[in-house]
There are 2 protein chains.
Amino acid sequence: MRSYGQYCGLARSLEVVGDRWNLLIVRELLISPARYRDLIDGLPGIATNMLADRLRDLEAAGVVERRLADEGNAVEYALTPWGAELRGPIESLLRWSTPLMVRGPEGDAFRPEWLALAVPALLDTRVEVRPSATVGLDIGGPRWQLHATQSGFEVGPHDGRALDATVRAEPPCILGLAAGALTLGDARAFGLVEIDGDESVVRAVFAA
Amino acid sequence: MRSYGQYCGLARSLEVVGDRWNLLIVRELLISPARYRDLIDGLPGIATNMLADRLRDLEAAGVVERRLADEGNAVEYALTPWGAELRGPIESLLRWSTPLMVRGPEGDAFRPEWLALAVPALLDTRVEVRPSATVGLDIGGPRWQLHATQSGFEVGPHDGRALDATVRAEPPCILGLAAGALTLGDARAFGLVEIDGDESVVRAVFAA
DNA sequence: CCGCATCCTCATGGATACTG
DNA sequence: CAGTATCCATGAGGATGCGG
């Protein structure tokens with residue numbers, strides 16, 4: 001990206017992560033470190049040369065680091081500590097996007113891993129969580145889980161533990177999460193998301 | 001911006017504000033509503049056709065609205081309520097940018113108005129503010145002020161009120177704020193920013 | 001297969017001149 | 001002052017090639 005030439009933190013941030021695809025690459029790496037092929041799969045539409053270019057840029061800027069995995073046989077990309085701090089700006093944009101998500105998918109691609117960022121961003125962690133609870137998310141494909149405790153939330157692939165409740169939904173529905181459309185099926189034991197009228201305020205209410 | 005075709009809040013956000021210049025235009029309008037000429041001045045380097053394009057895009061997306069000012073003789077641009085909620089993502093990026101700001105200006109343009117966003121973003125408002133306090137910021141050009149109370153901070157042009165402390169600095173120094181380099185001159189009555197080692201944690205400490 | 005590099009085409013951005 | 005119009009430079013996207 002061409003420099004803005006402004007001594008302003010926003011302008012300098014955008015010179016690092018403002019280029020097309022950059023923040024989406026960071027999104028993928030926030031979900032988990034990944035191989036080149038994983039990134040191609042998680043970024044539908046990206047050209048292979050673009051991904052290579054952007055990974056070089058982000059590595060040079062100190063956002064991404066390239067590591068050797070699989071006993072030196074494979075390259076793996078991961079965020080540096082500073083790169084991982086982009087979770088804040090990204091969660092903030094995820095909250096801001098609610099009015100854009102209520103339109104529904106409209107044919108756009110959807111990957112359940114993206115929930116691993118979106119759900120914690122939309123949940124209001126200031127709401128008191130009394131006991132811990134784990135909810136399974138069946139969205140087609142492998143089951144995911146949301147584990148909530150007093151100290152926060154974790155979203156990831158289901159690790160086989162016992163579940164306090166289960167949510168089943170088709171992709172157009174599960175991301176209705178952001179729109180409050182996810183009524184949570186049989187979740188008598190666990191209220192997940194609530195939207196306050198038109199204001200798109202999202203709150204977590206746990207009663208497990 | 002060409003669509004990413006992903007049903008992800010981050011991707012959809014970037015389709016609205018991810019284009020070059022867009023978030024910097026929002027920055028200017030977060031500081032205050034502005035005329036076309038004000039925006040040109042506050043965005044050094046932007047081409048006039050780019051600004052016109054981007055304002056049209058942002059208006060169509062519902063981020064910016066065009067209003068009549070000066071009794072119908074002039075057009076003024078302002079943020080919609082949803083557009084103003086971009087303050088969160090922008091403040092988050094401003095905090096993330098600290099390592100990029102410690103390098104100093106390096107010839108980049110600087111405008112004191114930008115502090116009106118940066119200072120509140122960097123201050124940790126969770127720190128207790130015992131009494132209210134107002135600090136003058138003399139950065140060359142008109143004096144600005146930072147007014148702090150229990151409920152938060154305001155930064156804006158000095159309105160003539162009495163000051164509890166005054167900070168004088170040259171532009172390379174005042175934005176050292178982000179780096180903790182601003183030792184605040186004579187501010188016996190008012191400690192503004194403190195950085196915790198290399199971690200770039202910024203905290204406000206008021207003892208007025 | 002994976003991890004890129006090259007090549008080509010087309011869309012976008014940028015500087016400047018110009019107009020109501 | 002508030003933008004448009006024009007032209008040129010740059011960058012994105014897609015197909016393909018190629019070594020490991």
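Computed from heavy atoms alone, side chains included, the values below leave out hydrogens, waters and symmetry copies. So you know, we letter chains A, B, ... as the sequences are listed, proteins then strands, and number each from 1.
Among residues two or more places apart in sequence or in another chain, the side chain to side chain contact (heavy atoms under 4.5 Å, CB included) test is passed with Asp57(B) by Arg54(B). Looking at residues two or more places apart in sequence or on another chain, you find a side-chain hydrogen bond (donor to acceptor under 3.5 Å, both in side chains) between Glu59(A) and Arg66(A). For Arg56(B), the side-chain hydrogen bond (donor to acceptor under 3.5 Å, both in side chains) test picks out Asp53(B), with sequence neighbours left out.
You'll find the side chain of Leu29(A) reaches within 4.5 Å of the side chain of Leu39(A), heavy atoms only. By the 4.5 Å heavy-atom criterion applied to side chains, Ile90(B) and Leu93(B) are not counted as neighbours. Counting only heavy atoms from C-beta outward, the side chains of Asp19(B) and Leu14(B) never approach each other to under 4.5 Å.
Applying the ring-ring contact (aromatic ring centres under 6.0 Å, His included) test to every pair with at least one member in residues 48-88 of chain B, sequence neighbours left out, gives these pairs: Trp96(A)-Trp82(B). Evaluation of the salt bridge (charged side-chain N to carboxylate O under 4.0 Å, His left out) test over residues 26-42 of chain B, restricted to residues two or more places apart or in two chains, returns Arg37(B)-Asp41(B). Applying the ring-ring contact (aromatic ring centres under 6.0 Å, His included) rule to pairs touching residues 13-48 of chain A yields Trp21(A)-Tyr4(B), sequence neighbours excluded.
We find the CD-CG distance between Glu85(B) and Leu79(B) to be 11.0 Å, quoted to the nearest 0.5 Å.
Using five terminal pairs a side, the axes of the helix from dC1(C)-dG20(D) to dG20(C)-dC1(D) at its two ends make an angle of 30°, given in steps of 10 degrees.
Protein chain B contacts DNA chain D from dC1(D) to dG14(D), reading 5' to 3' and using non-hydrogen atoms of the protein with a distance under 4.0 Å. With a cutoff of under 4.0 Å to any heavy atom of chain A, the contacted region of DNA chain C is bounded 5' to 3' by dC2(C) to dA15(C).
Only at 4.0 angstrom or more do the heavy atoms of residues 13-21 of chain A sit from any atom of DNA chain C, so none qualifies. Residues from residues 30-41 of chain B that place a heavy atom under 4.0 Å from any atom of DNA chain C: there are none. Of the residues in residues 45-54 of chain A, those placing a heavy atom less than 4.0 Å from an atom of DNA chain C are Thr48(A), Asn49(A), Ala52(A), in numerical order.
Proximity of a side-chain donor or acceptor of Ser97(B) to a complementary backbone N or O of Leu94(B) within less than 3.5 Å is detected. Judged by distance alone, with hydrogens and angles left aside, the side-chain atoms of Ser13(B) form a donor-acceptor pair with the main-chain N or O of Gly9(B) at under 3.5 Å. Using a distance-only test at 3.5 Å, with no hydrogens or angles considered, a donor-acceptor pair links the side chain of Arg20(B) to the main chain of Arg2(A). Distance alone, capped at 3.5 Å, is enough to place a donor-acceptor pair between the Thr80(A) side chain and the Gly83(A) backbone.
Remark: the Ser3(A) side chain and the Glu15(A) side chain contain an N/O donor-acceptor pair separated by less than 3.5 Å.
Along DNA chain D, the nucleotide nearest to Leu55(B) and the one nearest to Arg2(B) differ in position, and the one closer to the 5' end is contacted by Leu55(B).
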